[in-house]
Amino acid sequence: MKIYSTLTRTKEEFLPLKEGEVSMYVCGVTPYMDAHVGHAMSYITFDVIRRYLEYKGYRVKYIQNVTDIDDKIIDRALSQKIPARELADKFFNSFTEDMACLNIRPADAFPRATLEIPKMIEMITSLIQKGHAYAAKSGSVYFRVRSMPDYGKLSGRNLEDMMAGARIEPGDEKEHPMDFVMWKAAKPGEPSWPSPWGEGRPGWHMECSAMALGYLGESVDIHGGGQDLIFPHHENEIAQSECATGVKPFVRYWLHNGLLKLGEEKMSKSLGNLVTIKDALKFYSSDAIRLFVISSYYRNPLTYSLDALDASQKGAERLSKAAHIESNGQFPLELDLGSVEDSFVAAMDDDFDTPKAVATLFDLARQINTGRDSGLDISRAQQLLLKLGSVLGLTLAEPDTGSAEAGPFIELLLDIRKSLRQEKQFGLADEIRNRLASMGVVIEDKPEGASWHLKR
RNA sequence: GGCGACGUAGCCAAGUGGUAAGGCAGGGGUCUGCAAAACCCCCAUUCAGCGGUUCGAAUCCGCUCGUCGCCUCCA
């Protein structure tokens with residue numbers, strides 16, 4: 001299996017530190033508003049990677065942090081006149097719901113920044129002792145970038161280049177403009193925690209270093225996040241972690257997903273051009289959203305559009321139907337299921353080439369449908385389709401019949417319509433079908449009788 | 001300005017040296033009372049453009065044009 005690592009900018013053979021086990025850390029959210037489809041893209045990507053690694057037989061330990069204290073949370077909590085903690089809880093719960101709706105499996109742990117402060121203080125203290133950090137007179141502590149010769153290796157930058165375009169804050173207390181804060185001195189009224197340098201709160205990059213090291217050890221196999229985190233966030237995590245432990249590499253494989261665009265721009269909270277996951281789920285199924293994401297290669301940018309989502313919705317329905325159509329054939333479909341699975345694996349082994357893997361699923365679906373039409377037993381092929389679908393996190397659930405309440409009434413109408421059709425009263429039969437369709441109930445007449453499901 | 005991606009059919013999107021996967025849309029057909037679903041057939045002599053290397057290039061090299069991301073919070 002080959003995985004592209006941002007650090008080396010090449011596809012590398014994947015070899016975890018411990019045989020059979022993979023430690024995986026993915027940067028989580030800052031919960032101060034509802035998550036958007038860009039977040040969905042990132043977490044679907046890493047969910048698929050996790051599922052595939054488990055499919056390959058690895059035991060995966062998956063950690064995702066929660067940045068439950070930062071400027072945005074403080075600002076927003078202040079304007080809503082609620083404690084920062086309450087705001088963060090509210091939107092973290094919302095995030096958890098969204099992830100569940102998208103069939104994204106929860107991490108093994110969701111450590112929160114505010115509960116990991118002792119670990120961070122310990123790490124910062126050690127960095128100061130080693131000369132990699134210093135406390136300024138405000139009580140903030142900064143990382144000394146010049147103390148690390150290979151600072152910039154992840155993002156391919158060097159200090160001189162960065163200085164050219166750097167925004168230098170006037171009256172900065174930092175030794176070097178690129179030094180970054182690990183511990184922020186508290187301003188009056190802000191939530192704060194005691195530290196050897198006075199009341200304050202952790203800097204953003206510090207929590208991920210402390211948690212990755214604390215939960216997964218000094219060398220993590222996979223660390224993931226969006227490409228927008230490469231610099232400065234992940235660069236600074238490397239700096240803190242490698243300087244604190246002396247162990248290199250902090251991360252063996254750095255994975256970054258491409259960013260989701262809305263129109264010509266990146267979808268982001270700060271630009272405000274976003275579609276929340278909750279809104280997307282009003283119109284599209286979890287499988288449709290997932291299929292939209294995995295139909296494109298994870299390192300490439302992807303543009304959110306209704307056309308693309310509509311296409312994915314149709315595609316997802318096609319796969320679900322193939323996975324569940326009934327056949328009472330006696331003779332099994334002659335299809336080399338092993339080679340189908342091999343194609344799937346070959347695609348996924350090549351740096352998680354999900355678009356190609358998805359193509360094998362559609363090919364399999366066609367084989368299943370053809371086999372059914374020929375009166376063959378397709379159950380084993382259907383099992384394979386469901387199995388490979390689940391590796392990609394697709395439920396391929398049977399068409400939705402919604403809450404059961406309307407069910408008996410729809411069945412009643414179908415019975416009446418059946419009689420009408422038998423009596424060649426097609427005008428009335430069609431009217432029932434059309435009226436139900438306008439209410440979102442799709443009827444399909446089949447040789448064995450009519451079936452119905454809700455249109456998404 | 002520095003760093004990094006990308007440009008393949010109407011749309012989405014694989015393919016990194018051997019002659020263009022897959023999905024959606026569209027056209028024709030089978031099935032159906034009609035639809036829907038499903039199936040079959042068709043749908044890029046061509047991969048932003050121009051040069052070069054090669055027996056052979058969408059794939060490698062150079063240049064040009066265009067788009068995006070990061071360098072400030074961001075998945």
Side-chain angles (χ1 to χ4, degrees), chain A residues 6 9 26-30 32 35-46 64 67 70-72 152 155-158 160-167 169 178 204 224-233 235 256-261 264-271 274 291-292 294-297 299-303 305-319 321-322 325 343 347 350 353-363 365-366 368-374 399 421 424-427 429-430 433-434 437 442-447 450-453:
Chain A
T6 307
R9 314 248 172 211
V26 176
C27 282
V29 285
T30 302
Y32 66 90
H36 58 72
V37 190
H39 298 113
M41 177 185 180
S42 189
Y43 298 119
I44 287 170
T45 297
F46 290 106
Q64 190 177 118
T67 305
D70 95 318
D71 291 350
K72 296 246 171 60
S155 53
R157 298 154 201 251
N158 58 58
E160 293 74 58
D161 290 345
M162 284 189 275
M163 288 302 296
R167 301 182 189 185
E169 303 288 325
M178 299 315 292
W204 176 40
Q227 282 173 351
D228 51 355
L229 298 184
I230 294 171
F231 189 89
H233 185 55
E235 194 69 71
H256 293 99
N257 62 278
L259 301 175
L260 187 69
K261 298 196 298 175
E264 287 301 306
E265 276 180 319
K266 182 179 85 163
M267 187 181 287
S268 79
K269 290 195 271 197
S270 45
L271 290 172
L274 50 81
L291 194 59
F292 164 67
I294 64 179
S295 290
S296 163
Y297 191 48
R299 285 195 281 123
N300 291 344
L302 181 60
T303 303
S305 74
L306 298 184
D307 281 352
L309 266 296
D310 286 344
S312 295
Q313 183 73 50
K314 288 272 186 64
E317 284 165 12
R318 180 176 166 78
L319 293 176
K321 283 194 170 115
I325 49 169
S343 307
D350 184 14
D353 192 343
T354 53
K356 205 190 261 184
V358 165
T360 69
L361 262 49
F362 279 103
D363 287 338
R366 168 164 285 116
I368 289 169
N369 289 328
T370 311
R372 197 281 301 259
D373 290 351
S374 310
R421 292 180 69 211
K424 311 277 185 202
Q425 301 254 28
F426 296 121
D430 288 352
R433 185 172 64 200
N434 293 338
V442 181
I443 292 175
E444 292 178 15
D445 291 318
K446 298 170 184 172
S451 73
W452 65 278
H453 66 267

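Please read all numbers here as calculations on a predicted model, not as lab measurements. By convention in this document, chain letters (A, B, ...) are assigned in the order of the sequence lines, proteins followed by strands, and residues within each chain are numbered from 1.
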**Prompt:** A:F231 has a side chain; which of B:C70, B:A75, B:A14 sits nearest to it?
**Reply:** B:C70
**Prompt:** Are A:K321 and A:E444 within salt-bridge range, i.e. N to O under 4.0 Å?
**Reply:** yes
**Asked** Reading nucleotides 5-13 of chain B 5' to 3', which nucleotides get B (base under 4.0 Å from a protein heavy atom), which S (sugar-phosphate only), which -?
**Response** --------S
**Request:** Measure from CD1 on A:I230 to P on B:C3 and round the result to the nearest Å.
**Result:** 15 Å
**Request:** Scan every strand shown for a Watson-Crick or G-U wobble partner of B:G51, both distances under 3.5 Å, and answer none if you come up empty.
**Result:** B:C61
**Prompt:** How far does the C1' atom of B:C43 sit from the matching atom of B:A36, given to the nearest Å?
**Reply:** 23 Å
**Prompt:** Do A:R366 and A:D363 meet the salt-bridge criterion of a basic N to acidic O distance under 4.0 Å?
**Reply:** no
**Request:** Take atom P in B:C39 and the same atom in B:C71, then report the distance between them in whole Å.
**Result:** 47 Å
**Prompt:** Taking atom P of B:C73 as reference, at what distance in whole Å does atom NZ of A:K266 sit?
**Reply:** 11 Å
**Request:** Can you sort out the partners of A:K266 under salt bridge (charged side-chain N to carboxylate O under 4.0 Å, His left out), two or more places apart, ordered by chain and number?
**Result:** A:D228
**Request:** Sort out the partner of B:C70 for me: Watson-Crick or G-U wobble, both distances under 3.5 Å, none otherwise.
**Result:** B:G2
**Request:** Anything under 30° is parallel, anything over 60° is perpendicular, the rest tilted; go ahead and classify A:H39 against A:H36.
**Result:** tilted
**Message:** Checking base pairs now: Watson-Crick or wobble, both atom distances under 3.5 Å. What partners B:C24?
**Reply:** B:G10
**Closest to side chain of A:H36, choosing from B:A75, B:G33, B:C71** = B:A75
**Request:** Starting at the 5' end of nucleotides 37-43 of chain B, put B wherever the base has a protein heavy atom under 4.0 Å, S where only the sugar-phosphate does, and a dash everywhere else.
**Result:** SSSS---
**Opposite nucleotide pairing with B:C43, Watson-Crick or G-U, both atom distances under 3.5 Å** = none
